[in-house]
There are 2 protein chains.
Amino acid sequence: MSQDRGLPATSYAVLGLLTFGRELSGYELKQWADSTLRFYWTAPAMSQIYTELKRLAERGLVLAREVDGGPSRTTTRYRVSAKGTRALRRWLADSDPGFPLLKHPIALRLLLGHLLDPAQVREMLEAYDAALAAQRRDLRAVLDGIDNEPAFEFPAHVARWGLSYYDSEEDAVRRVLSALPEPLPRRAQADGASGTGPAR
Amino acid sequence: MSQDRGLPATSYAVLGLLTFGRELSGYELKQWADSTLRFYWTAPAMSQIYTELKRLAERGLVLAREVDGGPSRTTTRYRVSAKGTRALRRWLADSDPGFPLLKHPIALRLLLGHLLDPAQVREMLEAYDAALAAQRRDLRAVLDGIDNEPAFEFPAHVARWGLSYYDSEEDAVRRVLSALPEPLPRRAQADGASGTGPAR
DNA sequence: ACTCTACTATTCCTAACCGGAAGACCTTCG
DNA sequence: CGAAGGTCTTCCGGTTAGGAATAGTAGAGT
């Protein structure tokens, strides 16, 4: 009963994934989480997913069904139960969301910039910039896959939100870079088109 | 030896805090972390701080010193050792930072917006907007405390980065709000400039 | 047909982490 | 003096997360 309140957000995240589309196996759920949930939540570890599914099944929030996937193979697929949908609605409506939690390893390292030489800091920030671009592409692809699909209106909002976050991060990185002491491009190399160049 | 590699980022975060200022007690360290680290990393629990300090001391990365705080009172204060600074530098230079991890409960809930009615969604977003403003104020205060202090050049960069993040979040929230269906301000209030309006 | 690799599917072990409780002293202020 | 609130630290139990281990299955190449 009141235990249902006690579930961590990740449980509801998994449960929530099941409110789209269909019956999924733990493995498929993980794929899904990796490709979507990871942008604004954690993509739970495999083990985590299975743990959650077990717990959700115990409480009757999801229904498990055995499907055979070969002679000596049996896959368990899950779908939300009506009770699960209710629990999810209640959670969405009643619980305090709290404030976002950011674990930003680049910012953490930048904080300690006084222990590094400027070139290393630049390098790190440029690598982050590249990683951002890649991440942005991935999310863009997700959005392109669902945009204009009425069933995914809210996921699309979230995806756009995420994109704007990446944009803002790129700006922030650039701002820090330009506030850093010059990299002294003493060598007569034609820069501007090289590695660090502000592509895009 | 190679164990030093194995430390989690939070260990280095604590160690890093000690590279500013002076000798700190676990308790003071917690205060510090709460007021600064929490904006872009986690503020570790008390117990966590003490656990880290013990571990760091074991490995010789911090030096503990007993200080008396009264007749039968003894406080342990910690400072980085030379070895600790070296380990930190090595970590900063060599380890892969990885990508930021965001746990965004608002985005997670928005994703499941199809399970809620629009009014609830609006309410949630507006509450988040307010929380953002408060958080922003706190961070602004931190920045004001260290800005223009050369010793805190990098923390200041990080703080400005954080502020720009909050700004971008505010924009994103507003954008979502204005894309949501009208709240139907049926009461004879002059709408057109009301509720959803892009105030500020 | 045989092996190699990659994918599907799940479980187990261990480390990281959190939050609360508890115990202690110390200072301040009514 | 006594209560309240701040400093300081440890212990505990539980949850979460990550990585490795296991194991069957399907396809690709030789």
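None of the values given here were measured: they were computed from a predicted structure. Below, chains carry the letters A, B, ... as their sequence lines are ordered, and counting in each starts from 1.
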Engineer: What residues, two or more places apart in sequence or in another chain, satisfy ring-ring contact (aromatic ring centres under 6.0 Å, His included) together with A:Trp41?
Structural biologist: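 Checked A:Trp41 against ring-ring contact (aromatic ring centres under 6.0 Å, His included); zero matches.
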Engineer: My understanding is that only residues two or more places apart in sequence, or in another chain, count here; which of them pass ring-ring contact (aromatic ring centres under 6.0 Å, His included) with B:Phe20?
Structural biologist: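 With sequence neighbours excluded, B:Phe20 shows a ring-ring contact (aromatic ring centres under 6.0 Å, His included) to A:His114, B:Phe152, given in chain and number order.
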Engineer: I'd like to know if A:Arg77 and A:Glu28 make a salt bridge, using a cut-off of under 4.0 Å between side-chain N and carboxylate O.
Structural biologist: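 Answer for the salt bridge query: yes.
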Engineer: Over how many whole Å does the gap from B:Asp34 atom CG to D:dT7 atom C1' extend?
Structural biologist: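 Those two atoms, CG and C1', are 14 Å apart.
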Engineer: Measure the distance from CG on B:Leu24 to P on D:dC8 and round it to the nearest whole Å.
Structural biologist: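 Atom CG in B:Leu24 sits about 10 Å away from atom P in D:dC8.
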Engineer: What is the separation between atom CH2 on B:Trp32 and atom P on D:dT7, rounded to the nearest whole Å?
Structural biologist: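 So the two atoms are 16 Å apart, to the nearest Å.
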Engineer: Determine whether the side chains of A:Ser95 and A:Arg90 contain a donor N or O and an acceptor N or O closer than 3.5 Å.
Structural biologist: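 No pair is found: no donor N or O on one side chain lies under 3.5 Å from an acceptor on the other.
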Engineer: How does protein contact run along nucleotides 6-18 of chain C, one letter per nucleotide 5' to 3', with B for base contact, S for sugar-phosphate only, - for none, heavy atoms under 4.0 Å?
Structural biologist: -SBBBBB---SBB
Engineer: Does a salt bridge link B:Glu23 with B:Arg79, judged by any charged N lying under 4.0 Å from a carboxylate O?
Structural biologist: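 Counted as a salt bridge, because a side-chain N and a carboxylate O are separated by less than 4.0 Å.
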